[in-house]
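Structure record follows, encoded as structure tokens.
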Amino acid sequence: MNKIKTILMGTPEFAEKIFRKSYPVLQNNFEITHIITAQDKPIGRKQILIPSPVKQFAQEKNIPILQPDKIRKQEWIEKLKQLNPELIILCAYGQIIPKEILDIPKYGALNIHPSLLPKYRGASPIHQAILNGDESTGITLMLMDEQMDHGNIISQKEYKIKNNITYKELENELTDIALNLLIESLPNWIKNQKSIEQNHEKATFCKMIKKQDGQIDWNNTAEQIHRKIRAYHVWPIAYTVFKNKQLKILEAETKKENTNNQSGTVLNDLNIQTKDNILIIKKLQLEGKKPMISKEFLNGYPDIVNYVFE
RNA sequence: CGCGGGGUGGAGCAGUAGUAGCUCGCCUGGCUCAUAACCAGGAGGUCGUGGGUGCAAUUCCCACCCCCGCAA
């Protein structure tokens with residue numbers, strides 16, 4: 001049996017990890033002919049062009065790379081038709097794929113989505129699961145259609161979320177879930193192509209995260225704030241404002257105690273009063289400064305005590 | 001040249017034209033059943049690098065290196 005001509009599409013580290021781990025297994029039955037990823041972006045203060053993690057992986061493996069500016073352009077659609085893949089596997093690519101492309105592969109265009117669809121369709125399902133304090137989330141392997149994360153489900157795998165998990169940790173855990181799901185599901189899919197329609201009435205959505213979303217509202221509960229700190233730990237990072245400077249909160253704990261001080265009041269040792277309980281800041285970073293643990297911070301900024309964050 | 005903050009004893013910060021101080025840590029002694037607590041004493045810095053102007057610079061000026069935030 002000939003190997004199935006397959007194109008991988010993806011951009012960030014999450015996709016890169018899944019592709020990298022599954023590549024050795026996929027190679028047995030699938031020929032990865034091309035990898036499609038986002039264009040190189042200028043990164044950092046020097047605005048140096050950096051290839052996406054997925055591109056770096058492709059370069060390592062000498063897999064031909066395509067980086068469409070807009071994949072919905074006719075020239076790219078033609079290009080894909082010409083390549084004529086039998087299967088597309090996509091994960092966090094970053095662009096909407098036009099129907100003409102989805103229709104090309106005879107085994108379909110599959111999407112690896114890090115949530116239990118129809119829950120959390122959209123751009124930030126991993127963050128959302130933490131923000132909402134969900135007990136579990138998972139990975140869905142699905143067949144793409146014209147609407148975002150709307151197509152039929154091929155398979156799903158649930159993951160119990162550990163207490164106090166951070167974004168990075170959850171992403172990591174889900175990488176393995178995704179890897180296993182993909183490898184387990186693909187043979188059956190190729191064989192019988194069974195999928196089931198989503199319950200569209202139960203669909204929920206999560207938006208693209210903006211920098212502004214990281215600002216802490218001290219009138220939330222300590223638990224809510226703690227979730228935000230963990231969910232946004234990689235980006236955009238939960239922050240508050242101290243003397244007109246951005247103060248990133250990198251790590252914290254909660255403590256059941258209410259001092260009846262105004263929300264946002266800094267008590268001793270960077271214990272902050274929230275709507276209900278106390279949030280203890282363990283690690284933070286002031287704008288222009290390096291990250292430091294709260295004890296170090298207090299050595300240099302003792303006047304933060306009794307300050308009230310907005 | 002994208003915008004901005006900063007480089008001072010081990011850590012975090014303050015400060016000044018006449019070679020520096022705070023908090024924490026560290027060492028010694030004391031107190032204590034004991035302690036991360038308290039008391040007393042002590043050791044740590046040529047104040048990022050190279051120039052310039054001063055009688056004199058860590059403090060002013062110039063160049064460079066490095067760190068960090070924003071933006072992407």
Side-chain angles (χ1 to χ4, degrees), chain A residues 9-16 36-59 65-73 92-96 122-124 126-127 166-168 171 206-218 225 228-255 257 264-272 278-310:
Chain A
M9 301 179 68
T11 300
E13 194 181 348
F14 181 64
E16 183 266 342
I36 300 181
T37 190
Q39 295 191 313
D40 296 2
K41 280 185 181 174
I43 298 282
R45 279 179 278 271
K46 300 295 180 189
Q47 295 292 286
I48 300 166
L49 284 179
I50 301 287
S52 75
V54 168
K55 180 177 177 180
Q56 294 180 38
F57 165 71
Q59 288 173 325
I65 298 160
L66 299 176
Q67 295 177 277
D69 50 346
K70 290 180 179 176
I71 197 160
R72 64 172 183 273
K73 279 187 179 176
Y93 169 59
Q95 294 189 46
I96 305 287
S124 57
I126 302 177
H127 298 87
T166 63
Y167 176 85
K168 201 71 200 168
E171 189 192 78
C206 49
K207 293 178 181 174
M208 187 93 82
I209 298 166
K210 295 173 193 158
K211 180 76 187 175
Q212 174 66 25
D213 296 331
Q215 174 141 21
I216 292 171
D217 178 354
W218 293 102
I225 296 169
K228 177 176 274 192
I229 292 166
R230 288 181 280 118
Y232 290 171
H233 186 58
V234 175
W235 192 91
I237 300 186
Y239 67 93
T240 189
V241 178
F242 175 54
K243 294 186 175 177
N244 291 320
K245 286 189 175 177
Q246 185 187 72
L247 184 66
K248 293 180 171 181
I249 311 301
L250 302 173
E251 286 175 28
E253 292 173 358
T254 58
K255 179 180 168 188
E257 185 183 330
T265 302
V266 180
L267 313 169
N268 293 329
D269 295 335
L270 293 190
N271 288 214
I272 319 296
I278 286 177
L279 186 85
I280 306 173
I281 298 175
K282 308 295 282 186
K283 195 173 177 186
L284 68 174
Q285 181 177 24
L286 187 63
E287 182 179 327
K289 294 294 186 178
K290 294 183 181 180
M292 57 185 98
I293 59 175
S294 53
K295 190 177 178 184
E296 294 172 328
F297 187 88
L298 283 165
N299 281 337
Y301 302 88
D303 54 334
I304 195 172
V305 174
N306 292 327
Y307 187 88
V308 180
F309 295 130
E310 298 196 1

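Letters A, B, ... mirror the listed sequences (proteins, then strands); counts begin at 1.
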- Message: Please report the distance, rounded to the nearest Å, between NZ in K295(A) and C1' in G12(B).
- Response: 11 Å

- Item | Nucleotide forming a Watson-Crick or wobble pair with G69(B), both distances under 3.5 Å | C3(B)

- Message: Distance check, P atoms only: C39(B) and C31(B), in whole angstrom units.
- Response: 16 Å

- Nearest-angstrom distance, C1' atom, U23(B) to C66(B): 26 Å

- Message: Roughly how many Å apart are A14(B) and G6(B), using the P atom of each and rounding to a whole number?
- Response: 9 Å

Enumerate the protein-to-nucleotides 70-72 of chain B contacts in which both atoms are nitrogen or oxygen and the separation is below 3.5 Å.
residue: C70(B); atom: OP1; partner: K211(A); partner atom: NZ; Å: 2.7
residue: C70(B); atom: OP1; partner: K248(A); partner atom: NZ; Å: 3.3
residue: A71(B); atom: N1; partner: G44(A); partner atom: O; Å: 3.0
residue: A71(B); atom: N1; partner: Q47(A); partner atom: NE2; Å: 3.1
residue: A72(B); atom: N3; partner: P42(A); partner atom: O; Å: 3.3

- Assigned glycosidic conformation for G44(B) [threshold 90° from 0]: syn

- Query: What distance, rounded to whole Å, do you find between the two P atoms, one in C67(B) and one in A72(B)?
  - Reply: 23 Å

- Residues which pass side chain to side chain contact (heavy atoms under 4.5 Å, CB included) with E13(A), listed by chain and number, not counting sequence neighbours: E16(A), K17(A), P53(A), K168(A)

- Item | Considering all heavy atoms, the nearest I237(A)-I249(A) contact | CG2-O, 4.2 Å

- Take atom P in U8(B) and the same atom in U58(B), then report the distance between them in whole Å. 15 Å

- Message: Here's a test of your reading of the structure: between P302(A) and K245(A), which maps to the more 5' nucleotide of RNA chain B?
- Response: K245(A)

- Rounded to whole Å, the NZ-P distance (K289(A) to G69(B)) equals 12 Å

- Note on the structure: Only one of S52(A), P68(A), P12(A), P51(A) passes side-chain contact (heavy atoms from CB on, under 4.5 Å) with T37(A), and that residue is S52(A)

- In whole angstroms, the gap separating P of C68(B) from CZ of F297(A) amounts to 18 Å

- Message: Going by purine N1 to pyrimidine N3 plus the second Watson-Crick contact, or the G-U wobble pair, all under 3.5 Å, which nucleotide sits opposite U23(B)?
- Response: A11(B)

- Task: Please answer whether the main-chain N or O of Q215(A) pairs with a side-chain N or O of K228(A) as donor and acceptor at a distance below 3.5 Å.
- Result: yes

- Kindly check if the number of other-residue, nucleotide or ligand heavy atoms within 6.0 Å of NZ (K211(A)) is above 12? yes

- Query: Does any nucleotide pair with C60(B) by Watson-Crick or G-U wobble geometry, both distances under 3.5 Å, and what is it?
  - Reply: G52(B)

- Query: Syn versus anti for G9(B), judged by chi lying within 90° of 0?
  - Reply: anti

- Item | P spacing across the pair G25(B) / C38(B), given as an integer number of angstrom | 8 Å

- For the pair D269(A) and K282(A), find out whether any cationic side-chain nitrogen is under 4.0 Å from an anionic carboxylate oxygen. no

- Task: Please state how far atom CD in Q215(A) lies from atom P in G69(B), giving the value in whole angstrom units.
- Result: 18 Å

- Query: Mind checking the C1' distance from G21(B) to G9(B)? Whole angstroms is fine.
  - Reply: 11 Å

- Query: Whole Å only: how far is the CD atom of Q285(A) from the P atom of A11(B)?
  - Reply: 17 Å

- Whole angstrom is fine here: how far is it from CD1 in I293(A) over to C1' in A11(B)? 9 Å

- Query: Quick one: does T265(A)'s side chain have a donor or acceptor within less than 3.5 Å of a partner on V308(A)'s backbone?
  - Reply: no

- When the distance from CD1 of I304(A) to C1' of C22(B) is rounded to whole Å, what number comes out? 18 Å

- For this output row, return yes or no: ring centroids of Y307(A) and F242(A) closer than 6.0 angstrom. yes

- Message: Which nucleotide wins on minimum distance to the side chain of E296(A), given the candidates G6(B), G25(B), A11(B)?
- Response: A11(B)

- Looking at C67(B), C13(B), A11(B), which one has an atom nearest to any side-chain atom of K290(A)? C67(B)

- Could you give the distance separating C62(B) and G4(B) at their P atoms, to the nearest angstrom? 15 Å

- Task: Please give the nucleotide sitting opposite A40(B) as a Watson-Crick or G-U wobble pair, both distances under 3.5 Å, or none.
- Result: U28(B)

- Task: With sequence neighbours left out, write down each residue that passes side-chain hydrogen bond (donor to acceptor under 3.5 Å, both in side chains) with D40(A), or none if nothing qualifies.
- Result: K55(A), Q67(A)

- Query: Over how many whole Å does the gap from L298(A) atom CG to A36(B) atom P extend?
  - Reply: 20 Å

